[in-house]
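Each remark here refers to the structure printed beneath this line.
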Amino acid sequence: MIAASRPDFVFPELDENTRATTFYNHRHDGPAKGVFFSHRQLVLHALALRGALAGTGQGRFNEGDVYLPITPMFHVHAWGLPYVATMLGVKQVYPGRYVPRRLVDLIER
C-alpha cells in the first residue's frame, strides 16, 4: 500500500469540527449508540490531559517515561493517553493482542 501511494499527495484542509472518530457501544436494552469526536475535541482533550498530567515532580508523565497502553483505543481513545504520549515524545510500547502473561512480561522488562 505504501509503495502504491503518491509522494505528491495533497492533504485536504479540514475544518476543526470535522468528525475524526466514531465509536459504537453495544447496548443490551436497544440498538447500538454512536458517539462522534471532532478533531477539535481530540486536540482540546489531549491539551487538557497534558496540563493535568505533565510537568515536574513525582508522579508526573514526561518524555522520560514509557507508556504501555492497556486500555484499548476503542475505549474512550484509551483515555486520550496515546495522544498525550505522542505530544510529549514519550516512548510507547504497544503489546498487540491483550494476553495477560505478555503484558506482565512487558511490564517487568
Inset, instruction - Output all residues satisfying side chain to side chain donor-acceptor pair (under 3.5 Å) with T71, sequence neighbours left out; order by chain, then residue number. - result: none
Donor-acceptor pairs under 3.5 angstrom involving side-chain atoms of residues 82-91: please list them, not counting sequence neighbours.
residue, atom, partner, partner atom, Å
T86, OG1, P82, O, 2.9
T86, OG1, Q92, NE2, 3.1

Legend entry - With sequence neighbours excluded, residues passing side chain to side chain donor-acceptor pair (under 3.5 Å) with R101: D105
Inset, instruction - List for me each residue that meets side-chain contact (heavy atoms from CB on, under 4.5 Å) alongside V99, sequence neighbours excluded, and say none if there are none. - result: R97, R102
Legend entry - Over all atoms of both residues, closest heavy-atom pair of R19 and T22: CD-OG1, 3.5 Å
Legend entry - Listed once per pair and sorted, the salt bridge (charged side-chain N to carboxylate O under 4.0 Å, His left out) pairs that draw on residues 51-62, sequence neighbours left out: none
Can you list, pair by pair, the side-chain donor-acceptor contacts under 3.5 Å of residues 61-70, counting residues two or more places apart and other chains?
residue, atom, partner, partner atom, Å
N62, OD1, G55, N, 3.3
N62, ND2, G55, O, 2.4
D65, OD2, N62, N, 2.7

In a table with atom names and distances, give each donor-acceptor pair under 3.5 Å that connects a side chain of residues 36-45 to protein atoms at least two apart or in another chain.
residue, atom, partner, partner atom, Å
S38, OG, R40, N, 3.4
S38, OG, Q41, N, 3.0
S38, OG, Q41, OE1, 3.4
R40, NH1, E16, OE2, 3.0
Q41, OE1, S38, N, 2.7

Legend entry - For D8, salt bridge (charged side-chain N to carboxylate O under 4.0 Å, His left out) partners two or more places apart: R6
Legend entry - For F11, the rest of its hydrophobic cluster, which grows through side-chain links under 4.5 angstrom: F9
Legend entry - Pair L81-L49, side-chain contact (heavy atoms from CB on, under 4.5 Å): steps then yes or no: CA-CA 8 Å; L81 286 172; L49 190 58; 3.9 Å; yes
